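Single-structure report; data block below.
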Amino acid sequence: MDNLGTWVNLAPLLTKNHPTRDDPSIRIVALDFSGHGKSTHRPKSSSYHISERCFEVQSVADALGWDKFTILGHSMGAHVAVFVFCCNEKASGRNNLDRGF
């Protein structure tokens, strides 16, 4: 199963030839959704619905103080990226790798 480690080798390539690659405001953040990878599980009474994943992304963006961000998702994260992009005014761009729809 994929986790944030999927991005270890890919992340440096995403900005390799980008003109702003040395800009300190350009950051790549990989996260594991709750219950996946190295994250903790939610309480049994909690939901793992895709909408909850969207709130997790929003919480990370808020914690990092981002006014705008581009989201890149893979597998389940690609589904989340679609919803975040459509429903979050801070999401200014979206890319997907290997999405199911």
Side-chain angles (χ1 to χ4, degrees):
M1 185 174 283
D2 290 330
N3 65 18
L4 63 84
T6 300
W7 301 100
V8 170
N9 293 321
L10 182 59
L13 300 175
L14 294 173
T15 59
K16 182 178 179 182
N17 295 315
H18 197 279
T20 59
R21 71 181 168 275
D22 296 324
D23 182 342
S25 69
I26 304 298
R27 295 193 295 169
I28 296 175
V29 175
L31 63 101
D32 278 333
F33 293 121
S34 57
H36 285 295
K38 298 179 180 183
S39 70
T40 58
H41 290 272
R42 293 174 177 254
K44 289 185 179 190
S45 61
S46 296
S47 166
Y48 282 96
H49 190 269
I50 195 166
S51 62
E52 297 298 322
R53 309 296 186 194
C54 296
F55 289 124
E56 290 179 38
V57 171
Q58 181 62 51
S59 294
V60 170
D62 290 346
L64 294 172
W66 292 347
D67 293 325
K68 294 284 183 191
F69 62 90
T70 298
I71 185 167
L72 171 64
H74 166 66
S75 192
M76 180 185 66
H79 294 274
V80 173
V82 169
F83 286 98
V84 168
F85 180 71
C86 291
C87 302
N88 188 318
E89 62 188 30
K90 290 185 176 185
S92 60
R94 171 190 60 83
N95 292 289
N96 291 330
L97 302 174
D98 188 31
R99 63 186 169 96
F101 64 93

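This is a predicted model, so every value here is computed, not measured.
The list of salt bridge (Lys or Arg N to Asp or Glu O under 4.0 Å) pairs with a residue in residues 60-71, not counting sequence neighbours, reads Asp62-Lys90. Among residues at least two apart or in separate chains, salt bridge (Lys or Arg N to Asp or Glu O under 4.0 Å) pairs with a member in residues 47-56 are Arg42-Glu52, Arg42-Glu56, Arg53-Glu56.
Linking Ile, Leu, Val, Met, Phe, Trp and Tyr residues whenever their side-chain heavy atoms come within less than 4.5 Å leaves Phe85 and Val60 in two separate clusters.
Atom CZ of Phe55 sits about 13.0 Å away from atom CZ of Phe33, to the nearest 0.5 Å.
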One pair to check against side chain to side chain contact (heavy atoms under 4.5 Å, CB included): Phe69 and Leu64. What are the steps and the verdict? CA-CA 11 Å; Phe69 62 90; Leu64 294 172; over 6 Å; no

Derivation and outcome, side chain to side chain contact (heavy atoms under 4.5 Å, CB included), residues Ser34 and Thr40: CA-CA 6 Å; Ser34 57; Thr40 58; 5.7 Å; no

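Looking at heavy atoms from C-beta onward, Ser92 lies in side-chain contact with Thr70 at the 4.5 angstrom threshold.
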